[in-house]
*Asks:* 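The structure that follows is given in the form of structure tokens.
Source: prediction; values computed, not measured. Order of listing sets the numbers, starting from 1, for every ligand and every atom in it.
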Amino acid sequence: MTMTTSPTLLRADGITRSYHGAAVVKDVTLGIREGESVVILGPSGAGKSTMLRCLAGLEPVQTGEISFRGTRFAAAGEQPKPLRGEIGMVFQQFNLFPHMTALENVTLAPRRVRGIPAAQAEAEARDLLVKVGLAEKVDHYPFELSGGQQQRVAIARALAMRPAVMLFDEPTSALDPEFTREVLEVMRALAAEGMTIVVVTHEMGFARRSADRVVFMDAGQIIEEGPTEETFDRPRHARTQHFLAQILAH
Ligand SMILES: Nc1ncnc2c1ncn2[C@@H]1O[C@H](COP(=O)(O)OP(=O)(O)OP(=O)(O)O)[C@@H](O)[C@H]1O
Ligand SMILES: [Mg+2]
């Protein structure tokens, strides 16, 4: 949770991302404030994943620019410059290294990228695995873990880089329903402790409980955004109303 006065951490200004000349993110402007918890909603194909990958610096943009703490790291016609761990990302598919234990998955990047000594990286990784509720699973391989446990290892792995902001792209949509709750709980706890998070999800309960702000995307554009309760209870645009009615009917 955050106050509206916190500084903007991550900001996209008029970004467009096209594939083969077709824009799938169109002139989008979005600022994420420090400590804020933002949920991005919208129908399939709206451009949510693409926008999140742009914000993470994983995709070039064809117009506009993206900055982190006021420093531009992506701009039209340039390859984004890597931020070395400031922005963490968690995907729908956990993408753990199958031949490494949970602990090894979490220590790898801090050791390789941040140059943290092995013993320290391991101590930090154990703390993070405790934090995501996996104290007993540190030496397990991904195939020995449930989907929900694997996703929590993936979250610990992203946190191990000590990012200032975490981006989640539908982190629970590949999970069986019984494992969804534990992953949502980890994200809720991160938001509650003041971590800046941006989450693409269809989990409306999570959005209502944990998001300070919701952003609706459709056809590559932000069609509406605002404080969570107000926006859910009184959506201004017909397309937002339609989307909410559809998702709540399920
Ligand atoms: N690498 C790519 N090459 C070509 N087209 C792409 C690529 N990635 C995404 N697209 C297209 O861009 C559009 C937006 O895709 P995106 O994955 O961002 O949507 P989304 O809102 O995340 O959808 P979903 O809810 O299904 O995950 C889609 O029409 C998709 O086919
Ligand atoms: Mg997507």
*Asks:* Are Phe243 and Asp218 close enough, and set up right, to give a side chain to side chain contact (heavy atoms under 4.5 Å, CB included), and what steps lead you there?
*Replies:* CA-CA 10 Å; Phe243 176 78; Asp218 194 12; over 6 Å; no
*Asks:* Would you say Arg213 and Ser37 make side-chain contact, with heavy atoms under 4.5 Å?
*Replies:*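 The answer is no, as the side chains (C-beta and beyond) never meet within the 4.5 Å cut-off.
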*Asks:* Does Arg53 have more than 12 heavy atoms from other residues, nucleotides or ligands lying within 6.0 Å of its CZ?
*Replies:*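 Yes.
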*Asks:* Once salt bridge (Lys or Arg N to Asp or Glu O under 4.0 Å) is applied, do any residues pair with Arg72, and if so which ones, sequence neighbours excluded?
*Replies:*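 By the salt bridge (Lys or Arg N to Asp or Glu O under 4.0 Å) rule, Arg72 matches Glu65, Glu78.
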*Asks:* For the salt bridge (charged side-chain N to carboxylate O under 4.0 Å, His left out) test, which of Glu185, Glu124, Glu193 pairs with Lys131?
*Replies:*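 Only match with Lys131 under salt bridge (charged side-chain N to carboxylate O under 4.0 Å, His left out): Glu193.
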*Asks:* Heavy atoms only: give me the nearest Ile197-Met187 pair and the separation to one decimal.
*Replies:*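 That closest heavy-atom pairing would be CD1-O, 3.8 Å.
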*Asks:* Would you mind listing each N/O atom of ligand 1 next to any protein N/O under 3.5 Å, plus the distance?
*Replies:*
from	atom 1	to	atom 2	distance (Å)
ligand 1	18 (O)	Thr50	N	2.9
ligand 1	18 (O)	Thr50	OG1	2.5
ligand 1	19 (O)	Gly47	N	3.3
ligand 1	21 (O)	Ala46	N	3.1
ligand 1	21 (O)	Gly47	N	3.0
ligand 1	21 (O)	Lys48	N	2.9
ligand 1	21 (O)	Lys48	NZ	2.8
ligand 1	22 (O)	Ser49	N	2.9
ligand 1	22 (O)	Ser49	OG	2.8
ligand 1	23 (O)	Gly45	N	2.8
ligand 1	25 (O)	Lys48	NZ	2.7
ligand 1	25 (O)	Glu170	OE2	3.4
ligand 1	26 (O)	Ser44	OG	2.6

*Asks:* For Arg152, what residues pass the side chain to side chain donor-acceptor pair (under 3.5 Å) criterion, not counting sequence neighbours?
*Replies:*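 Scan of Arg152 (side chain to side chain donor-acceptor pair (under 3.5 Å), adjacent residues dropped) gives Glu182.
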*Asks:* Compare every heavy atom of Ala121 with every heavy atom of Thr107, then report the nearest pair and how far apart it is.
*Replies:*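 Looking at all heavy atoms of both residues, the closest pair is CG2-O, 3.5 Å.
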*Asks:* Could you go through Arg69 and Glu34, starting from their C-alpha distance and side-chain angles, then the distance that decides it, and tell me whether this counts as salt bridge (Lys or Arg N to Asp or Glu O under 4.0 Å)?
*Replies:* CA-CA 9 Å; Arg69 290 196 208 280; Glu34 186 133 39; 3.4 Å; yes
*Asks:* What's within reach of the Mg ion (ligand 2), meaning protein N/O/S atoms under 2.8 Å?
*Replies:*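 For the Mg ion (ligand 2), the protein N, O and S atoms that sit under 2.8 Å away are Ser49 OG.
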